[in-house]
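Per chain, numbering begins at 1; letters A, B, ... match sequence-line order.
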Amino acid sequence: MAEYRKIPTGMRWMAWLRFQVYHMTCQSYDRQYFNAFTAAMMPIYRYLYEGRENAEEIIRERLTSLRTYYLCEQSFSGIIFGIIMGMEEQKANGAEISSELISATRSSLMGPLSGMGDAIHGSTTRQIAIALTLPYCLEGSVAGSLLMLLGINITPPILGVLGFPKGYELGSDFVVSLLKSGLVSKIAKAAGVMAMFIMGGMTAKYVNITTTLQFVSDINTVSIQSMLDNICPGLLPLATTFLMYFLCKKKVHTNWIIVGSLVVGILFSVLKVM
Amino acid sequence: MTVLQAALIALYYGFYSAKPLILFIGPNVFGSIVGLFLGIIMGNPSMGVAVGAAIHTMYLGVVMYGGTLPSDQLLACCIAVPLAISAGLDTETAVALAAPFGAVGVGFQTIWMTINTSVWSPYIDKCCEKNNYLGIRLGAFVYPVLTSIVLRSPIIFLILFKGTDAVVWLVNNLPQTILHGFEIMGKILPAMGFGIFLYIMGSPIQIPFFIAGFFAMKCFNLPIIAQAVFGFILAYLSLVWGDPDFLKKGDR
């Protein structure tokens, strides 16, 4: 056996970068993001098996063996990519790693890591960044918009850049240790509370539903809105939001809610309720 | 609207819908950010951001977990923001105009993904069999992105280019009650955004925090940073109060 052929650092990062750019561009219904995986892994195989007599045959075998269902959140997807790259390197250098083990590793990691990625980026950092910058955007602030762009994109690249080499070096042990420490889910839960509180405030500020109805009698006119404000400020916006929440809970499709809003809007306009 | 502006926006939509660079600039379909780009193209960034952000509130809770697209916020913005700027609509009417396009965009996405599934994926399969390395790379990136542009851009270009006159005509000729109805619809739809947010993000146990946040803002009219500070303290307390001995820990 010849000496151990290690994938150069530059080539690893190039492949990772390509993987991230291609990630969703050829998304399909039946196997999701697998095309990006194939296209990004291809140069790695070509390097690893270069100079072997049956190189073409091995590369074809390796490429087709990973043409199966693959779906993962982008930043953690890079970690899986690193792990598979490390396994492929060892396999090419003669380690006893079966092709089934490689595809099983990929399939078993993508579920839990996706969940983690969605919890960290989708539900937490992104929501908080949006909640903090949206008020400025609504006033038409360009700086607010740029800040949102920055804020929603802090954690995914950091995780991707830090996680990819770790995955390559440590393999799947890294993921297991990551999943076992409950810290991530604890922080995500607390941040969820924070996002809820901020969003409640945003609702109060940006859902403006008031009624123009009035009681008209001989003595005076009483505006219903000022009555409602005395009982409980913001009752109508909160009630409308929770009405929407229950409609979603009943699995009413958003398109029907939009159509319904149009009907209600015109109806209220004709009846002069709002 | 000039031909160049309409063409740029149409290309932006077609290219960006294929979601390249997702790790670094995110699933960047949020109205507040899309509005900035559209505003720059239309020569009024500030109004672009304001209208885009208003559309954003309607889709606040919409998330794209698992690569699904429940509604196309990007298309909603690409149509409503330029038309609002060029026809001088107010924000509520622009939101009402955007809503149907958010649903139309899902149709584009379905067609595009079907082409990916039944044309480009088998093509890459074939390239793997033949060791056609260039083909794999083109099939995974260049061809699907071009497909997206060819599929989406021309229609958007036509709507934008011809749409301004139609919108201006409608605004001038529709009865006032109908227009006011659209305005009311534009006021109701943000509530849908927050409702979906509650449904997707919130477990029932977290809903009291939402209500607390609502009344804190309603009563004290806090700046959003102060709201965040209160939220952070509440989040911290909600963690430590789970531990029954936590108050005793302070005793020495």
Side-chain angles (χ1 to χ4, degrees), chain A residues 20-30 35-36 39 42 56 60 63-64 74 118 122-123 135 137-138 140 142 145 148-149 152-153 156-157 160 190 193-194 196-201 203-207 209 233-234 238 240-241 244-245 248 255 257-258 261-262 265-266 268-270 274, chain B residues 18-20 22-24 26 32-33 36 45-46 49-50 53 57 63 65 67 99 103 113 116-117 120-121 124 128 131 133 136-137 140-141 144-145 177 180-181 184-185 187-192 194-196 198-199 201-202 206 209-210 213-214 217-218 224 227-228 231-232 234-235 238-239:
Chain A
Q20 296 296 354
V21 174
Y22 291 2
H23 202 271
M24 288 176 93
T25 52
C26 199
Q27 186 184 3
S28 81
Y29 278 119
D30 53 350
N35 288 323
M42 175 193 70
E56 298 248 303
R60 184 182 314 142
L63 281 176
T64 40
Q74 303 83 33
D118 289 340
S123 314
C137 296
L138 281 163
V142 171
S145 171
M148 183 189 289
L149 180 62
I152 62 174
N153 290 312
V193 168
M194 182 172 161
M196 273 293 143
F197 188 79
I198 299 174
M199 279 300 177
T203 311
K205 218 168 182 170
Y206 294 109
V207 182
I209 298 175
L238 192 63
T240 315
T241 306
M244 295 294 185
Y245 169 68
C248 292
N255 288 347
I257 300 184
I258 290 171
S261 306
L262 178 64
I266 290 174
F268 279 13
S269 168
V270 170
M274 273 175 84
Chain B
K19 300 189 206 79
I22 190 155
L23 181 71
F24 305 101
S32 312
I33 297 160
L36 175 65
S46 176
V49 172
T57 50
V63 284
Y65 293 160
M113 272 181 68
N116 282 348
T117 309
W120 301 127
S121 299
I124 296 176
C128 287
N131 288 65
Y133 302 125
I136 294 178
R137 199 167 283 174
F141 183 68
V145 172
T177 28
H180 187 58
I184 297 176
M185 177 191 178
K187 283 183 177 174
I188 296 176
L189 285 177
M192 178 182 86
F194 290 107
I196 300 175
L198 265 183
Y199 170 62
M201 301 288 172
Q206 289 176 333
F209 292 103
F210 181 84
F214 181 89
M217 181 62 96
K218 205 79 208 173
I224 199 72
Q227 181 89 6
F232 180 80
L234 270 180
S238 75
L239 268 191

Where does A/Met42 contact chain B at under 4.5 Å (heavy atoms): side chain, backbone, both or neither? side chain

Heaviest contributor of heavy-atom pairs below 4.5 Å to chain B, chosen from A/Pro157, A/Gly160, A/Ala36, is A/Pro157

On a heavy-atom basis, which atom in B/Met192 and which in A/Ile257 lie closest, and how many Å separate them? SD-CG2, 3.6 Å

Answer key: most heavy-atom pairs under 4.5 Å with chain B among A/Gln20, A/Met199, A/His23 is A/Met199

Residue list, side-chain contact (heavy atoms from CB on, under 4.5 Å) with B/Ala99, at least two apart or on another chain: A/Ile258, B/Met58, B/Met185, B/Leu189

Select one option (side chain, backbone, both, neither) describing which atoms of A/Pro135 are under 4.5 Å from chain B's heavy atoms. side chain

Option that, when pairs with chain A are counted at under 4.5 Å, heavy atom only, ranks first among B/Cys128, B/Pro190, B/Ser238, B/Pro45: B/Cys128

Minimal non-hydrogen separation, A/Ser145 against B/Ile33, with atom names: OG-CA, 3.7 Å

Is the number of heavy atoms from other residues, nucleotides or ligands within 6.0 Å of CZ (B/Phe232) greater than 12? no

Would a 4.5 Å heavy-atom cut-off, applied to side chains only, mark B/Leu198 and A/Met196 as touching? yes

Distance-only, no hydrogens or angles: does the A/Gln27 side chain make a donor-acceptor pair with backbone N or O of B/Met113 under 3.5 Å? no

Nearest heavy-atom neighbours spanning A/Phe197 and B/Gln227: O-NE2, 3.1 Å

Go through the atoms of B/Ser121 and report whether side chain, backbone, both or neither lie under 4.5 Å from a heavy atom of chain A. both

Heavy-atom pair of closest approach, residues B/Val49 and A/Cys137: CG1-O, 3.4 Å

Using ring centroids (six-membered ring only for Trp), state whether B/Phe141 and A/Tyr22 fall under 6.0 Å. yes

Just wondering, do B/Phe194 and A/Val207 contact through their side chains at under 4.5 Å, heavy atoms? yes

Hey, does the side chain of B/Ser32 reach the backbone of A/Leu138 with a donor-acceptor pair shorter than 3.5 angstrom? no

Spatial distance of atom OG (A/Ser28) from atom CG (B/Asn116) [nearest 0.5 Å]: 7.0 Å

Most contact-rich option vs chain B, by heavy-atom pairs under 4.5 angstrom, among A/Gly200, A/Pro156, A/Ala39, is A/Gly200

Run the ring pair (Phe, Tyr, Trp, His ring centres under 6.0 Å) test against B/Phe214 and tell me which residues pass, sequence neighbours left out. none

Contact summary for A/Ser261 and B/Ile188, nearest pair of heavy atoms: OG-CG2, 4.0 Å

Among B/Ala191, B/Pro144, B/Ala18, which residue forms the greatest number of heavy-atom pairs with chain A at distances under 4.5 Å? B/Ala191

Chain B contact via A/Ile209 - which portion, at a heavy-atom distance below 4.5 Å: side chain

Rounded to the nearest 0.5 Å, how far does CZ of A/Phe268 lie from CD1 of B/Ile184? 7.5 Å

One option among A/Thr203, A/Val21, A/Thr240 has the most heavy-atom pairs under 4.5 Å with chain B, and it is A/Thr203

Do A/Ser269 side-chain atoms and B/Thr177 backbone N/O form a donor-acceptor pair below 3.5 Å? yes

Does the B/Ser46 side chain pair with the main chain of A/Gly140, one donor and one acceptor, at a distance under 3.5 Å? yes

Chi angles and distances behind the side-chain contact (heavy atoms from CB on, under 4.5 Å) call for A/Leu63, B/Ile136: CA-CA 10 Å; A/Leu63 281 176; B/Ile136 294 178; 3.9 Å; yes

